[in-house]
Amino acid sequence: MTLTVKNLTKSFGEGQAKTEVLKGINLEVQKGEIIVLNGASGSGKSTLISILGGLLTRTSGEITLDNKNYLDVKDKELTKMRLEEIGFIFQSSHLIPYLDITSQLSFVGEQAGMSKKESKKRSEDLLNQIGLNHRLKSYPHMLSGGEKQRVAIMRSLMNSPDLILADEPTASLDSSRALKVTEMIRNLVKENNMVGILITHDERVFDYADRIVKLEDGRISN
């Protein structure tokens, strides 16, 4: 499986108010590969990852995942694809305060079409995998920052995605936890043969990437 981006552009506004954010992005990422998108604020990183995740429409260009142009589909199909094939990890864990951590994951599984029994078992298996088996009935306010982010990472894997998109997932963590979380994301991408794309300004985590792709003024500069 390969993620291929060809001549991708994105503009906001029209006429004199038009702003070009992405100016012809060409990128290819292989399965089992994790890359870091790096660049100054305003370089287009978050816009690119939002388009790749189907959260934002592009102006022009082509994006294919395993030779399938997945953005040229109806809204219902795109929603289904986000649920079944794409995993998102954000700077904040965005856990639902009134759900215990098992339910945080199983809710996603049920939305993706699993039965309650299947989603509960997968939730517990994933949480056990990262050493949170003693926290299965805990609520977000009972967790440390590192624990919350580990839950968020495993939540992104509930649908066994082909593509993992992480936007500054370590920004709220201290150095030790940041490296552990990055190592975890890398290992999961490798073990599950996924495509992994990580946005970060944190040079400490660069060593965990197969490649560093730098964006500058809406273009890839390396």
Side-chain angles (χ1 to χ4, degrees), residues 1-8 10 21-56 61 63-65 85-94 126 129-132 144-157 161-222:
M1 183 188 67
T2 304
L3 175 72
T4 303
V5 180
K6 293 182 179 179
N7 300 317
L8 184 71
K10 177 62 180 178
V21 179
L22 299 178
K23 305 171 183 177
I25 299 292
N26 290 285
L27 179 66
E28 190 169 282
V29 189
Q30 304 293 328
K31 62 182 179 181
E33 185 179 20
I34 182 167
I35 70 166
V36 161
L37 292 179
N38 181 246
S41 179
S43 61
K45 303 183 304 299
S46 292
T47 299
L48 175 56
I49 211 170
S50 295
I51 294 173
L52 293 177
L55 301 175
L56 189 65
I63 303 174
T64 59
L65 184 61
E85 300 182 38
I86 302 173
F88 296 94
I89 308 169
F90 300 102
Q91 177 177 340
S92 173
S93 58
H94 294 295
L126 288 172
Q129 184 179 330
I130 54 165
L132 288 177
S144 68
E147 287 174 331
K148 289 178 183 178
Q149 198 65 328
R150 281 190 282 165
V151 173
I153 290 169
M154 288 308 178
R155 181 180 58 189
S156 75
L157 297 178
D162 295 318
L163 175 63
I164 285 286
L165 302 172
D167 193 350
E168 297 285 2
T170 63
S172 61
L173 304 177
D174 62 33
S175 179
S176 176
R177 289 193 178 99
L179 295 180
K180 287 179 181 178
V181 163
T182 305
E183 183 177 15
M184 182 183 300
I185 295 172
R186 174 186 168 83
N187 290 342
L188 291 167
V189 167
K190 299 294 183 183
E191 290 166 7
N192 295 282
N193 222 20
M194 299 182 290
V195 170
I197 300 178
L198 172 68
I199 291 178
T200 184
H201 290 96
D202 190 348
E203 294 186 6
R204 297 170 300 177
V205 307
F206 284 8
D207 289 342
Y208 293 90
D210 295 303
R211 285 188 288 145
I212 310 298
V213 176
K214 187 171 183 179
L215 266 67
E216 187 173 353
D217 192 28
R219 295 183 173 90
I220 291 176
S221 62
N222 59 338

List for me each residue that meets side chain to side chain contact (heavy atoms under 4.5 Å, CB included) alongside [X], sequence neighbours excluded, and say none if there are none.
{"X": "Asn26", "value": "Lys6, Asn7"}
{"X": "Glu216", "value": "Ser221"}
{"X": "Thr182", "value": "Thr170, Leu198, Val205, Tyr208"}

Check this for me: Lys180, atom NZ, are more than 12 non-hydrogen atoms of other residues, nucleotides or ligands nearer than 6.0 Å?
no
Aromatic plane relationship, Phe90 with Phe88 - under 30° parallel, 30 to 60° tilted, over 60° perpendicular
parallel
Do [X] and [Y] have side chains that approach each other closer than 4.5 Å (heavy atoms only, starting at C-beta)?
{"X": "Leu3", "Y": "Asp162", "answer": "no"}
{"X": "Ile51", "Y": "Leu22", "answer": "yes"}
{"X": "Leu179", "Y": "Glu183", "answer": "no"}
{"X": "Met184", "Y": "Gln149", "answer": "no"}
{"X": "Ser156", "Y": "Ile164", "answer": "yes"}
{"X": "Met154", "Y": "Leu157", "answer": "yes"}
{"X": "Leu126", "Y": "Gln129", "answer": "yes"}

Check the pair Leu27, Leu8 against side-chain contact (heavy atoms from CB on, under 4.5 Å), reporting the backbone distance first and the verdict last.
CA-CA 9 Å; Leu27 179 66; Leu8 184 71; over 6 Å; no
Restricting to non-hydrogen atoms, name the atom on [X] and the atom on [Y] that form the minimum distance, rounded to 0.1 Å.
{"X": "Ile185", "Y": "Pro169", "answer": "CD1-CG, 4.1 Å"}
{"X": "Gln30", "Y": "Val195", "answer": "O-CG2, 3.7 Å"}
{"X": "Glu168", "Y": "Thr200", "answer": "OE1-CA, 3.5 Å"}

With Arg219 via salt bridge (charged side-chain N to carboxylate O under 4.0 Å, His left out) - residues at least two apart:
none
Please list all pairs passing the salt bridge (charged side-chain N to carboxylate O under 4.0 Å, His left out) test where one or both residues lie in residues 194-203, with sequence neighbours left out.
Asp202-Arg204
Can you tell me how far the [atom1] atom of [X] sits from the [atom2] atom of [Y], to the nearest 0.5 Å?
{"X": "Leu165", "Y": "Leu55", "atom1": "CG", "atom2": "CG", "result": "8.5 Å"}
{"X": "Ile199", "Y": "Ile35", "atom1": "CD1", "atom2": "CD1", "result": "10.0 Å"}
{"X": "Lys190", "Y": "Glu33", "atom1": "NZ", "atom2": "CD", "result": "7.0 Å"}
{"X": "Leu215", "Y": "Ile220", "atom1": "CG", "atom2": "CD1", "result": "5.5 Å"}
{"X": "Ser93", "Y": "Glu147", "atom1": "OG", "atom2": "CD", "result": "11.5 Å"}
{"X": "Leu48", "Y": "Ile25", "atom1": "CG", "atom2": "CD1", "result": "6.0 Å"}

Between Arg186 and Asp207, does at least one N-O distance fall below 4.0 Å, as a salt bridge requires?
no
Scan for side chain to side chain donor-acceptor pair (under 3.5 Å) pairs involving residues 37-52, sequence neighbours excluded, and state none if there are none.
Ser46-Asp167
